[in-house]
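Submitted below is the structure of interest, expressed as structure tokens.
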Amino acid sequence: MSATSTTTEPDWRPKAIIFDLLTALTDSWSLWDASTPSATSAEGRLWRERYLKLTFGAGTYVPYEDLVKESARDVGLPSSAAEALLRNWGALQAWPETGQVLRKLKGLGYKLGVVTNCSKDLGHRAAREVEQSVREGGAEDFTFDAVVTAEESGFYKPVKAAYQAILTAMDLEPSDVLFVAGSAGDVQGATDAGMKVVWHNRIGLAKIGEAVPLREGKTLDDTLKDFFIRP
């Protein structure tokens with residue numbers, strides 16, 4: 001899939017860039033694959049796609065771990081798969097270019113935040129892994145300006161209140177923000193919440209809804225290439 005883009009004001013730049021965490025910034029697909037009995041994408045992708053459907057359809061928060069287990073059952077996986085995923089959460093890794101991209105954006109003066117369909121514990125653990133990937137490249141004091149999980153907001157994306165929670169935490173208006181989607185549902189959800197959106201569609205997920213991102217790319221740096229230079 002080649003990168004695509006749509007037009008916006010040529011000199012528009014956000015005050016902040018807010019990211020989906022588990023798909024836009026981290027390779028959670030590999031963790032799901034490795035947690036299946038076969039340790040393959042044949043089982044892992046089917047499970048992950050069912051999990052995404054459940055989380056994006058949940059609305060108000062229910063325990064994240066329950067959705068992980070339910071989605072595994074729904075695709076015929078044993079309970080040991082979900083147990084393995086939760087046990088090995090610490091193996092979650094940022095995409096190879098994530099650290100460099102976030103260092104560059106921070107250096108350009110953007111505020112950076114995360115809103116994630118996750119429990120408080122697992123979401124903040126994943127965010128700390130991403131922060132560490134940034135620090136390893138030399139930005140020793142890097143932290144996100146805000147991280148908000150579904151458990152903390154009380155809502156799963158794409159409910160508007162989930163996006164509003166991170167805007168409130170960062171004292172931002174939707175028009176101030178560029179949202180970096182990882183999952184297809186975030187493209188429509190963040191657009192409906194009033195934000196401009198780009199889509200890091202690493203594995204070629206099918207589109208959901210009518211919203212069109214400003215840009216769609218296969219890597220995080222390509223997805224954000226238009227925002228590496230200040231006008």
Side-chain angles (χ1 to χ4, degrees), residues 1 19-95 98 114-130 147-163 165-166 180-190 192-193 199-209 211:
M1 179 190 65
F19 296 84
D20 166 67
L21 176 60
L22 297 182
T23 311
L25 292 179
T26 68
D27 180 15
S28 53
W29 296 92
S30 291
L31 179 62
W32 256 256
D33 294 349
S35 302
T36 66
S38 66
T40 65
S41 61
E43 290 185 320
R45 179 158 179 167
L46 185 66
W47 176 20
R48 182 66 191 281
E49 289 180 346
R50 178 58 181 164
Y51 147 88
L52 287 171
K53 187 172 183 178
L54 288 179
T55 53
F56 273 82
T60 55
Y61 184 76
V62 295
Y64 177 79
E65 294 81 358
D66 291 352
L67 297 180
V68 170
K69 294 172 184 177
E70 180 181 349
S71 58
R73 289 195 303 270
D74 286 351
V75 297
L77 292 175
S79 59
S80 59
E83 292 165 0
L85 186 144
L86 297 170
R87 183 175 62 250
N88 296 325
W89 193 259
L92 187 66
Q93 297 290 310
W95 294 114
T98 293
V114 163
V115 59
T116 179
N117 277 354
C118 202
S119 65
K120 180 178 179 180
D121 175 53
L122 296 181
H124 283 271
R125 285 171 61 188
R128 287 194 295 271
E129 171 59 35
V130 173
V147 176
V148 176
T149 65
E151 183 175 2
E152 290 166 303
S153 73
F155 297 94
Y156 282 104
K157 300 177 293 179
V159 175
K160 187 175 181 180
Y163 301 102
I166 187 69
V180 183
S183 303
D186 258 333
V187 178
Q188 187 70 56
D192 289 345
W199 187 10
H200 178 200
N201 191 9
R202 192 104 177 185
I203 68 166
L205 294 171
K207 178 182 175 182
I208 296 175

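Note that the structure is a prediction, hence the values are computed from the model and not measured.
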Check your understanding: Rounded to the nearest 0.5 Å, what separation is found between the CH2 atom of W89 and the SG atom of C118?
Key ->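 Going from the CH2 atom of W89 to the SG atom of C118 covers 4.5 Å.
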
Point to revise | Heavy-atom pair with the smallest gap, counting every atom of H200 and T23 | key: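 Smallest heavy-atom distance, with atoms named: ND1-O, 4.3 Å.
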
Practice item. Could you give me the CA-CA distance, side-chain angles and deciding distance for Y61 and F155, then say whether ring pair (Phe, Tyr, Trp, His ring centres under 6.0 Å) is met? Key: CA-CA 5 Å; Y61 184 76; F155 297 94; 9.9 Å; no

Check your understanding: Any donor-acceptor pair under 3.5 Å linking the side chain of E43 with the backbone of T36?
Key ->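 Not a single qualifying donor-acceptor pair exists.
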
Check your understanding: About how many Å separate CG of L77 and CG of L46, when rounded to the nearest 0.5 Å?
Key ->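 So the gap between those two atoms works out to 7.5 Å.
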
Point to revise | Test item: Y156 side-chain N/O and V62 main-chain N/O as donor-acceptor pair under 3.5 Å | key: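 Present.
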
Review point. Does W47 reach the side chain of V68, with side-chain heavy atoms less than 4.5 Å apart?
Key: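 Answer yes - side chains close enough.
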
Check your understanding: Are the side chain of W199 and the backbone of V180 linked by a donor-acceptor contact shorter than 3.5 Å?
Key ->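 It does not hold such a pair.
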
Point to revise | Heavy-atom closest contact (T149 atom, H124 atom, distance) | key: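 Residues T149 and H124, closest heavy atoms: CG2-CD2, 3.9 Å.
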
Review point. Under 3.5 Å, side chain of T98 to main-chain N/O of L25, donor-acceptor pair present?
Key: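 Pair found, side chain donor or acceptor close to backbone of L25.
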
Check your understanding: Between D186 (side chain) and G182 (backbone), is there a donor-acceptor pair under 3.5 Å?
Key ->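 No, the answer is negative, given that no donor and acceptor are paired below the 3.5 Å cut-off.
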
**Study point:** Atom of P158, atom of G189 and distance for their closest heavy-atom approach
**Key:**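 What the structure gives for the nearest pair is CB-CA, 3.8 Å.
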
Check your understanding: Looking only at heavy atoms, which two atoms of A184 and A206 are closest? And how far apart?
Key ->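 Smallest heavy-atom distance, with atoms named: CB-O, 3.3 Å.
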
Check your understanding: Hey, does the Lys NZ or Arg CZ of R202 hover above the aromatic six-ring of W29, less than 6.0 Å from the centre and inside 45° of the axis?
Key ->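 Checked: cation-pi criterion not met.
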
Check your understanding: In Å, rounded to the nearest 0.5 Å, how long is the span from CG of L22 to CG of D27?
Key ->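 Nearest 0.5 Å value for the CG-CG distance: 11.0 Å.
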
Practice item. Enter the distance from W95:CH2 to T26:OG1 here, rounded to the nearest 0.5 Å. Key: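 The OG1 atom of T26 is 7.5 Å from CH2 of W95, to the nearest 0.5 Å.
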
Taking distance alone, no hydrogens or angles, what donor-acceptor pairs closer than 3.5 Å link side-chain atoms of residues 53-60 to residues at least two apart or in another chain?
{"from": "T55", "atom 1": "OG1", "to": "Y51", "atom 2": "O", "distance (Å)": "3.1"}
{"from": "T55", "atom 1": "OG1", "to": "L52", "atom 2": "O", "distance (Å)": "3.2"}

Check your understanding: Residues in salt bridge (charged side-chain N to carboxylate O under 4.0 Å, His left out) with D121, at least two apart?
Key ->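 Checked D121 against salt bridge (charged side-chain N to carboxylate O under 4.0 Å, His left out); matches are R125.
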
Practice item. Any chance you could lay out the salt bridge (charged side-chain N to carboxylate O under 4.0 Å, His left out) test for R45 and E49, step after step, and finish with the verdict? Key: CA-CA 6 Å; R45 179 158 179 167; E49 289 180 346; 2.7 Å; yes

Review point. Are any non-hydrogen side-chain atoms of D66 and E70 less than 4.5 angstrom apart?
Key: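 The answer is no, as the side chains (C-beta and beyond) never meet within the 4.5 Å cut-off.
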
Point to revise | Non-hydrogen atoms of S119 and E65 that approach each other most closely | key: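 Smallest interatomic distance, heavy atoms only, reads OG-OE2, 3.5 Å.
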
Review point. Minimum heavy-atom separation for D20 to S183, with atom names?
Key: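 Closest heavy-atom pair between D20 and S183: OD2-N, 4.2 Å.
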
Exercise for review: Output the distance between atom CZ (R48) and atom OG (S41), rounded to the nearest 0.5 Å.
Suggested key: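 Those atoms lie 13.5 Å apart.
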
Practice item. Measure the spacing between CG of N117 and CG of L122 and express it to the nearest 0.5 Å. Key: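 Here the rounded value is 13.0 Å.
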
